[in-house]
Amino acid sequence: MEESGSNFIHDIIEADLKEGRVTNIVTRFPPEPNGYLHIGSAKAIWINYTAAKKYGGKFNLRYDDTNPVKEDDEFVRSIEEDLNWLGAVPTGGIFYGSDYFDKCYEFAEKLIMDKKAFVCDLTQEQMSEYRGTLTEPGKDSPYKNRSVEENLDLFRRMKAGEFADGEKTLRAIIDMSSPNMNMRDPVIYRIIHANHHRQGNKWCIYPMYDFAHPIQDALEGITHSLCSIEFENHRPLYDWVIDNIGFEQKPHQYEFARLNMTYTVMSKRYLRKLVETKTVDGWDDPRMPTLCGLRRRGYTPSAIFEFISRSGVSKTYSMADSGFLEYCICEELNETALRRIAIKEPLKVIITNYPEGKTEYFEMPNHPKKPELGTRSLPFGREIYIERSDFEKEQILGFIRLIPGGEVRLMGAYILKCTNVICGADGEVLSLEGTVDLETRNNKPIDGRKVKGTIHWLSLQHCIDTQIREYNHLFNRENVANLLEDDNFNEFINPDSLVIYENCKAEKALEGAKDGERFQFVRSGYFTPDSKYNGVFNRIAPLKSSYKPE
RNA sequence: UGCCGGAUUGUGUAAGGGUAGCACGACAGACUCUGACUCUGUUUGUCUGGGUUCAAAUCCUAGUCCGGCAACCA
């Protein structure tokens, strides 16, 4: 992961460094272990990781696990796996927000003693009423004037488990008339009698994010706490906590725009829904924007970071073109992927002028522009398969493939002429007959005639069976982020987001292709073996085509 | 009718008083035993109105539009 380029966050860091406000940069990635990481998480990782790296600082991973009912070890493991895969090493260490619960508790008591927090008995409904609205100020809780002693006693009894969930909360004393809702005496501790994935039953009171996060940042010596725009309104509260607890070294929060992409959703809520409704084949479905989905699809961490890096960082609401992500993986794979032949919809061709039982071998380059990547030999025989779409019964404007009586180059082999079309009763093409020009092995036709098209082929005797899965946009609308409010997004699901081809043929060299290997299937796209199902190749991305049928 | 942000070509992002640049896309052409890759060229932009200035995307001002905020979620 390179730290090339710059953005407004780097400008801030450079100014802080220059003015001597900070010396050692420390950033952090604070995922809540309540779901799988997605490409938007990768953006947050990249921003934090590269900011620290560029300025010689540290990058922490911190599981933000302050709510026991939502979090799970399963997600801790998946986050770890995804981070490993990305190669985002937490140079500053791995932490858990819940490991700071003792500290949080201590600071909460301090706030009480400083008359900056009180125990409130209001129910959730009541609190909502007291809070006011966006345009009207709230009013003070009737419990706001409890004495320090009473508050301390009550808070300790909350901790001791004397009260039921929701019976009491600890609230910061700030300002019920603040235009910022977050400052209207926000709850900082609530009672939850639940088993915590890491703390077990040690606690029955848990700090809220707004209280815990600045504390965690301060304790870890985070200098720049980078998060997405939605937390912008929380910054005053973040600063309030830091100031009122009295940390000497103050971390500062800065916000950037989260990643949105066309034709997909990024919120955990909707991703979960896609999984739960079985719209997709799990969190790692290759159509999902999750990191495990992208991994299974065949994307590389480098392509993902290239995409994020080149997309830039700003505070402007934006919608990244998912075609650009595809461009980034193709750009990389064009350089690195070995070329192979696979045929999605095979059409048999019998070469009538080629001896029965004869097999000859053609050396095919593994990469057209990189001879150092070697060659493999491809057997050729009297019966071959070609791609059904490379044949047309009639000449079509702009079509430069095989037609009856026409010629086409068999890639790396001879020029083939179609001499006969065998059709079924309904006119469907069953197979072809043809002849090859034996003079054209490694040669252009001697009579100088021009043969424009080149198609790929496979010897019927020597190929293996396989299945190919092509993936397209999950949604049929560019912007689905705003269209899902009514919860029935089924009508926006692209029915062709997964297309399975059952009876495909592939060259022998593809047999036993391993997890994580990526190939270019010539004239088709980039593919990788599926990690879940044997004998299946997933299409990572198609090759571009400038062929536009009229 | 509240508060906080934001607005630069189709998309994303630079330039922060001095020639609006880059990438992707689109279009046109060259090359090609992958209609890929590569190469060449073209196109389109500073939200609007005022103001300051020799000079404004940039500063001021008034609007407009967009995003976020009323969990004991993060």
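Below, chains carry the letters A, B, ... as their sequence lines are ordered, and counting in each starts from 1. Since we're looking at a predicted model, the values are computed, not measured.
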Exercise for the section: Please work out which residues in residues 329-343 of chain A have a non-hydrogen atom less than 4.0 Å from an atom of RNA chain B and list them by number. Expected result: A:N334, A:R339
Exercise for the section: Tell me what A:K444 touches on the nucleic acid: a base, only sugar-phosphate, or nothing, going by heavy atoms under 4.0 Å. Expected result: sugar-phosphate
Practice task
For B:C3 versus B:U8, give the span between their C1' atoms, rounded off to a whole number of Å.
Solution key: 27 Å
Practice task
Would you tell me if any nitrogen or oxygen in the side chain of A:K544 comes within less than 4.0 Å of OP1 or OP2 on B:G25?
Solution key: yes
What pairs of donor and acceptor atoms, side-chain ones from residues 38-45 of chain A against any protein atom, are under 3.5 angstrom apart with sequence neighbours left out?
{"residue": "A:H38", "atom": "ND1", "partner": "A:G40", "partner atom": "N", "Å": "2.9"}
{"residue": "A:H38", "atom": "ND1", "partner": "A:S41", "partner atom": "N", "Å": "3.3"}
{"residue": "A:H38", "atom": "NE2", "partner": "A:M266", "partner atom": "O", "Å": "3.1"}
{"residue": "A:S41", "atom": "OG", "partner": "A:H38", "partner atom": "N", "Å": "2.9"}
{"residue": "A:S41", "atom": "OG", "partner": "A:H38", "partner atom": "O", "Å": "3.3"}
{"residue": "A:K43", "atom": "NZ", "partner": "A:A257", "partner atom": "O", "Å": "2.6"}

Exercise for the section: Could you measure between the two C1' atoms, the one in B:C24 and the one in B:C69, and give it in whole Å? Expected result: 34 Å
Handout entry: Separation between the C1' atoms of B:G6 and B:G63, rounded to whole Å
Key = 16 Å
Handout entry: Distance, P atom - from B:U40 to B:G25, rounded to whole angstrom
Key = 15 Å
Close N or O pairs between protein and nucleotides 8-11 of chain B (under 3.5 Å):
{"residue": "B:U11", "atom": "O2'", "partner": "A:M319", "partner atom": "O", "Å": "3.4"}

Result block: side-chain N/O donor-acceptor pairs under 3.5 angstrom for residues 340-347 of chain A, not counting sequence neighbours:
{"residue": "A:R340", "atom": "NH1", "partner": "A:N366", "partner atom": "OD1", "Å": "2.8"}
{"residue": "A:K344", "atom": "NZ", "partner": "A:E470", "partner atom": "OE2", "Å": "2.8"}

Problem - Under 3.5 Å side-chain donor-acceptor pair for A:T300 and A:S302 - result: yes
Handout entry: Pairwise C1' distance for B:U44 and B:G10, with rounding to whole Å
Key = 9 Å
Problem - A:Y327 vs A:F307, ring pair (Phe, Tyr, Trp, His ring centres under 6.0 Å): CA-CA, chis, key distance, verdict - result: CA-CA 9 Å; A:Y327 168 83; A:F307 164 72; over 10 Å; no
Handout entry: Sugar-phosphate only, base, or nothing, as touched by A:F211 at under 4.0 Å among non-hydrogen atoms
Key = nothing
Practice task
Applying side-chain hydrogen bond (donor to acceptor under 3.5 Å, both in side chains) between A:D437 and each of A:R449, A:K417, A:R409, report the one that passes.
Solution key: A:R449
Handout entry: P-based separation of B:U19 from B:A62 [nearest Å]
Key = 29 Å
Handout entry: Residues A:E109 and A:Y105: side-chain donor-acceptor under 3.5 angstrom
Key = yes
Exercise for the section: For the residue pair A:F305 and A:R310, establish whether any side-chain heavy-atom pair is separated by less than 4.5 Å. Expected result: no
Practice task
Taking atom P in both B:G51 and B:G41, compute the distance separating them and give it to the nearest angstrom.
Solution key: 41 Å
Practice task
Go through the side-chain N and O atoms of A:D175 and A:S177 and say whether any donor and acceptor fall under 3.5 Å apart.
Solution key: yes
Exercise for the section: Enumerate the residue pairs fulfilling salt bridge (Lys or Arg N to Asp or Glu O under 4.0 Å) with a member in residues 29-42 of chain A, sequence neighbours excluded, ordered by first and then second residue. Expected result: none
Exercise for the section: Assign A:P368 to base, sugar-phosphate, or nothing according to its heavy-atom contacts below 4.0 angstrom with the strands shown. Expected result: base
Exercise for the section: Measure the shortest side-chain to side-chain distance between A:F391 and A:C418 over non-hydrogen atoms and say whether it is less than 4.5 angstrom. Expected result: yes
Exercise for the section: Would you please indicate yes or no on a ring centroid separation below 6.0 angstrom for A:F8 and A:Y254? Expected result: no
Exercise for the section: Check the pair A:Q253 / A:E255 against side-chain hydrogen bond (donor to acceptor under 3.5 Å, both in side chains), numbers first and verdict last. Expected result: CA-CA 7 Å; A:Q253 175 184 304; A:E255 308 84 16; 3.0 Å; yes
Practice task
For A:Y100, check side-chain hydrogen bond (donor to acceptor under 3.5 Å, both in side chains) against everything at least two apart and list the hits.
Solution key: A:E220
Exercise for the section: Could you pull out the closest heavy-atom pair between A:M183 and A:W240, with the gap in Å? Expected result: CE-CB, 4.3 Å
Exercise for the section: Just call it for A:V313: base, sugar-phosphate, or nothing, with non-hydrogen atoms closer than 4.0 Å on any strand. Expected result: sugar-phosphate
Handout entry: Sugar-phosphate, base or nothing in reach of A:I400, heavy atoms under 4.0 Å
Key = base
Exercise for the section: Could you tell me whether A:A257 contacts a base, only the sugar-phosphate backbone, or nothing, with contacts defined as non-hydrogen atoms closer than 4.0 Å? Expected result: nothing
Problem - Sub-4.5 Å side-chain heavy-atom contact between A:H252 and A:H224 - result: no
Handout entry: With sequence neighbours excluded, residues passing ring-ring contact (aromatic ring centres under 6.0 Å, His included) with A:Y36
Key = A:F75, A:W283
Exercise for the section: Mind checking A:R401 for me? I need base, sugar-phosphate or nothing, with any heavy atom below 4.0 Å counting as a touch. Expected result: base
Practice task
Take atom CZ of A:F307 and atom C1' of B:U13, then tell me their distance rounded to the nearest Å.
Solution key: 12 Å
Practice task
Could you encode protein contacts along nucleotides 64-74 of chain B as a string, one character per nucleotide from 5' to 3', using B for base contact, S for sugar-phosphate-only contact and - for no contact, with a heavy-atom cut-off of under 4.0 Å?
Solution key: ----BBBSBBB
Exercise for the section: Would you mind classifying the nucleic acid contact of A:N442 as base, sugar-phosphate or nothing, using non-hydrogen atoms under 4.0 angstrom? Expected result: base
Handout entry: Ring centres under 6.0 angstrom apart (A:F537, A:F521)
Key = yes
Exercise for the section: May I ask you to check whether A:F231 and A:Y238 place their ring centres under 6.0 Å from each other? Expected result: no
Fill in the blank from the handout: When pairs are called at under 3.5 Å and a stem needs at least three consecutive Watson-Crick or G-U pairs, the stems of RNA chain B are B:2-7 with B:64-69, B:10-13 with B:21-24, B:26-30 with B:38-42, B:47-51 with B:59-63
Handout entry: Residues from residues 136-143 of chain A lying under 4.0 Å of RNA chain B - heavy atoms
Key = none
Practice task
Between B:A70 and B:U53, how far apart are the C1' atoms? Round to whole Å, please.
Solution key: 45 Å
Exercise for the section: With sequence neighbours excluded, tell me which residues meet side-chain hydrogen bond (donor to acceptor under 3.5 Å, both in side chains) with A:D82. Expected result: A:R295
Completion exercise
Scoring nucleotides 40-47 of chain B by protein non-hydrogen atoms under 4.0 Å (B base, S sugar-phosphate only, - none) yields --------
Exercise for the section: Decide yes or no for A:V408 and A:D390: does some side-chain heavy atom of the first lie under 4.5 Å from some side-chain heavy atom of the second? Expected result: no
